[in-house]
Amino acid sequence: MSTMNTVGRPTTPNAVESKPATLTGGRGLLQNEHLIFESDGWGKTGVDLPEPKTDGSDLGDLVRRDPIGLPGLSEPETMRHYVRLSQKNHAIDLAIYPLGSCTMKHNPRLNEKMARLPGFSDIHPLQPVSTVQGALELMDTLAHWLTTLTGMPAVALSPKAGAHGELCGLMAIRAAHEASGEHEKRRKVLVPTSAHGTNPATAAFVGYTVVEVAQTEDGRVDVADLASKLGPDVAAIMVTNPNTCGLFERDILEISRLTHEAGAYFYCDGANFNAIVGRVRPGDLGVDAMHINLHKTFSTPHGGGGPGAGPVVLSEALAPFAPAPWVVSGDDGFRLVEFAEDEAEQAFGRLCAFQGQMGMYVRALSYMMSHGSDGLRQVAEDAVLNANYIKARLSDLMSAAFPEGPCMHEALFDDQWLKGTDITTLDFAKAMIDEGFHPMTMYFPLVVHGAMLIEPTETESKQELDRFIHAMRALAEAAKAGDVDRFKGAPFHAPLRRLDETRAARSPVLRWTAPEGSNIAAE
Ligand SMILES: *Cc1c(COP(=O)(O)O)cnc(C)c1O
């Protein structure tokens, strides 16, 4: 089949190595790009303004005398700099982004169009509420969709990421324990070993002691271990469902029953809601608080640390402790409950200035309404189907971490199958880059040795999945055939090869400094 040639495997095993490095650092038509500070355009400017007519500045002594230290570039130079940089980014608009636990799905352009409507994009959070009735109605409608889809009575919209939502949920739980006078004795939060790192980090940040709960052989919470750790000193449990092994927590009802029996709250990490949306309502499972990553389930863009949005749905018991603000409607339209007083007396305060990420609210609601409830259900079904297709097509060559039964939205492999090859998960991931594929999530969850976590999402067509599977199979076969160099040296075709990732993480250089002896001073 012609599509099977797309991987472009070199005919001899080491052919990749014999290619000379280029003289300029460019590759193909991709330019090597230096830091903008390293351009030689100091003193240049992209605009031609007339000399100011004033004689002297109002700043008096405060006028700057030294050069500002910003590089000067013409408009085309500026454009090229940023476009070249953008070409070095992998993007969901380029190809499959198989990162597990990240849910990188297509962001429909309709959402973008809606978010850019001037009535949403040009408003200011301090405008009188009478002039932003449409925006408040949109927030109210979004809250309605979120509470309906989750079967929960309340939602706090303002958290700005999944981790921020966790913070919101645990602060509401702490406020509830404070209100009932139990806070002083309930100092522990139970977290399973497979949890996303943000869970224990959040619990510790809120001042709790984190206690780990073991996992069973088949990748679920060990209920017996959980039961033995629950008690009057536990404030909450944090369980991800479907969990980070890509599996549904079969004993979720028992987990929630035991938790409530012990007087603790059930925090559910809902980052994987895309696997169950329209099929399962967390409220029916006894969840007390759950964040929803709009940038995962509801297709708003991941913003490189922001802006995301992580609204938190809350049970009857926790709803009074939700942070301000929230939208209420009455005869005279919509208004915001802004302060922790009167009707928001028990609110723990505010999580952030203003109302949260309006642009994300618009995008998420646009996604929900354009799919409808039936379409959202199909999102979950297709996400799960796609992951199982990958699992089924790769399991003969690679070792599935939990081979028994189907997975949810993620296919998880370990590195058993690489045993004896001298090739590691990292080497395999680097070789994927040479083949034009962004690597999957590696070494997470920590409970699986050499983990390779693949999440295709519902976005990918069968053709794209087949292309990915073909590349993975070709690489797996090369690994098994002992073609070690292909992996150890990879990536051969990326602009940069193996980086010193440890040093980059331990001593990151976050600020440019002018080279010794230069007369350029950066700010
Ligand atoms: C993505 C994710 C988070 C954190 O969400 P952010 O929006 O990145 O802060 C937490 N838990 C799980 C399981 C996740 O997948």
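Whatever order the structure lists ligands and atoms in, that order sets their numbers, starting from 1. In this chain, residues are counted from 1 in sequence order. Everything numeric here is computed off the predicted structure, so don't read it as measured data.
Look at S101 and you'll find a heavy atom under 4.0 Å from some atom of ligand 1.
Closest heavy-atom approach to atom 15 (O) of ligand 1 within the set H291, H302, E166, K296: this belongs to K296.
Exactly one of K296, E455, H302 qualifies for a side chain to side chain donor-acceptor pair (under 3.5 Å) with T103. That residue is E455.
Ring pair H260/Y265: centre-to-centre distance not below 6.0 Å. Ring centers of Y97 and H90: under 6.0 Å apart, within the cut-off.
When hydrogens are left out, the protein atom nearest atom 9 (O) of ligand 1 is A163 N, 2.8 Å; that is the closest non-hydrogen contact. Atom 6 (P) of ligand 1 has as its closest protein heavy atom G162 N, 3.4 Å.
Ligand 1 has an N or O atom lying under 3.5 Å from an N or O atom of D269, backbone or side chain. Residue C102 has no nitrogen or oxygen atom sitting less than 3.5 Å from a nitrogen or oxygen atom of ligand 1, judged on distance alone.
Of all heavy-atom pairs between D415 and G450, the closest is OD2-CA, 3.5 Å.
Of all the atoms in ligand 1, the ones that sit under 4.0 Å from a non-hydrogen atom of N293 are 1 (C), 5 (O), 6 (P), 7 (O). Per-residue contacts place A271 under 4.0 angstrom from the following atoms of ligand 1 (heavy atoms of the residue considered): 2 (C), 11 (N), 12 (C), 13 (C), 14 (C), 15 (O). Every atom of ligand 1 with a heavy atom of T198 under 4.0 Å away is listed here by number and element: 10 (C), 11 (N).
When heavy-atom distances to ligand 1 are checked against a 4.0 Å cut-off, A161 comes that close through both its backbone and its side chain. Only the side chain of H295 comes within 4.0 Å of ligand 1, counting heavy atoms alone; its backbone N, CA, C and O stay farther away.
Within 6.0 Å of atom CZ in R109, more than 12 heavy atoms from other residues, nucleotides or ligands are found, so the atom counts as buried in its surroundings. By the 6.0 Å contact criterion, NZ on K188 is open, its count of non-hydrogen atoms from other residues, nucleotides or ligands being 12 or less. Residue H106 qualifies as enclosed at atom NE2: its count of foreign heavy atoms under 6.0 Å is above 12.
Relative ring orientation between W417 and F428 is described as perpendicular, the plane-to-plane angle rising above 60° on a 0-90° scale split at 30° and 60°.
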